Amino acid sequence: MLHHDEMTKIIKRNSNMVYRLAFSQMKNRDDANDVYQDVFLRFIKRQPQFENEQHEKAWFIRVTLNCSKTSLTSFWKTKVCEIDESFEAQEVEKEDLTFALNKLSKKYRAVIHLFYYEDMSIKDIAQSLNISEGNAGMMLSRARKKLKEILERKSEYEKRI
C-alpha cells in the first residue's frame, strides 16, 4: 500500500500529462475533467506498483486512453446528437493548430499528442499503446499527412473568402 505522500508525488508528476491527453481525446474541458478524475480515482483505488517512472507514465497513458474511450462510448455520448457544423458562425472558427488537431480521429490525435506534447519516442508510443513500433511510426506519419491536408484545406478556404 502506498503512503499518502508517495501517492501525492505520483499524482503531481502525472497530472498535467493526464489532463492534456484527456483533453486531446475528449475535445472539451468538462469531459477532460471527468476523464482526469476517473484516471486518478482508479490510481487511488488500485494503487499499482510501478517498476520505474517510465512504467508509471505508460500506465497513466493507457488508463487515460481507456477512460477516454469508455467515456466516448457511454450511453450519454452515443445518444446525444451533435450540432450541425454549418450552424456555427464562420468568423468564430479557430485559426490555430488545436482546430486542425480536433478534426483528426482519436487514434491520430493520441499519437500526435504523445509524440509532440509528451516528447515520447516511437518506441515509447508503441509500448504505451500496445502496438508495434512500425504501426506507431505509420500512424504518426498518417496523422501528420492528415493534419497537413486539413490545414491546407482551411488555407484554401480562407483564400476564397
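Because the structure is a prediction, the values reported are computed rather than measured.
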Heavy-atom donor-acceptor pair, Thr8 side chain to His4 backbone, under 3.5 Å: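 The answer is yes, because a donor-acceptor pair under 3.5 Å joins these two groups.
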Considering all heavy atoms, the nearest [X]-[Y] contact:
X	Y	value
Val39	Trp59	O-CH2, 4.5 Å
Thr64	Ala22	CG2-N, 3.8 Å
Met120	Phe115	O-CD1, 3.4 Å
Ala100	Leu151	CB-CD2, 3.5 Å

Trace of the side-chain contact (heavy atoms from CB on, under 4.5 Å) decision for Arg109 with Lys106: CA-CA 5 Å; Arg109 278 196 317 269; Lys106 283 186 315 182; 3.3 Å; yes
Which value, rounded to the nearest 0.5 Å, describes the distance between [X] atom [atom1] and [Y] atom [atom2]?
X	Y	atom1	atom2	value
Ile44	Ile10	CD1	CD1	11.0 Å
Phe60	Phe50	CZ	CZ	5.0 Å
Leu140	Leu114	CG	CG	10.0 Å
Ser128	Lys123	OG	NZ	12.0 Å
Met139	Ser105	CE	OG	7.0 Å
Cys67	Asp31	SG	CG	13.0 Å

For Lys148, all residues meeting side-chain contact (heavy atoms from CB on, under 4.5 Å), sequence neighbours excluded: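 Counting only residues at least two positions away or on another chain, Lys148 forms a side-chain contact (heavy atoms from CB on, under 4.5 Å) with Glu152.
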Pairing residues for Arg62 by the side-chain contact (heavy atoms from CB on, under 4.5 Å) criterion, not counting sequence neighbours: Leu65, Asn66, Leu129
Is there a side-chain contact between [X] and [Y] (heavy atoms, below 4.5 Å)?
X	Y	result
Tyr116	Leu101	no
His113	Gln25	no
Asp34	Met26	no

Pairing residues for Glu133 by the salt bridge (charged side-chain N to carboxylate O under 4.0 Å, His left out) criterion, not counting sequence neighbours: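 Partners of Glu133 under the salt bridge (charged side-chain N to carboxylate O under 4.0 Å, His left out) test: none.
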Qualifying salt bridge (Lys or Arg N to Asp or Glu O under 4.0 Å) pairs, either residue in residues 3-14, two or more places apart: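 Passing the test, one end in residues 3-14: Arg13-Glu53, Arg13-Glu56.
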Evaluation steps, side-chain contact (heavy atoms from CB on, under 4.5 Å), between Leu104 and Ile150: CA-CA 9 Å; Leu104 294 175; Ile150 291 167; 3.9 Å; yes
Joint hydrophobic cluster, Leu41 plus Met17, side-chain heavy atoms closer than 4.5 Å: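 No; tracing contacts between hydrophobic side chains, which count when under 4.5 Å, never links both residues.
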Shared hydrophobic cluster for Tyr108 and Met138 (ILVMFWY, side-chain gaps under 4.5 Å): no
Within residues 37-47 or reaching into it, pairs that qualify as side chain to side chain donor-acceptor pair (under 3.5 Å) - sequence neighbours excluded: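 Qualifying pairs, neighbours excluded: none.
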Ring pair (Phe, Tyr, Trp, His ring centres under 6.0 Å) partners of residues 7-37, not counting sequence neighbours, each pair once: Tyr36-Phe40
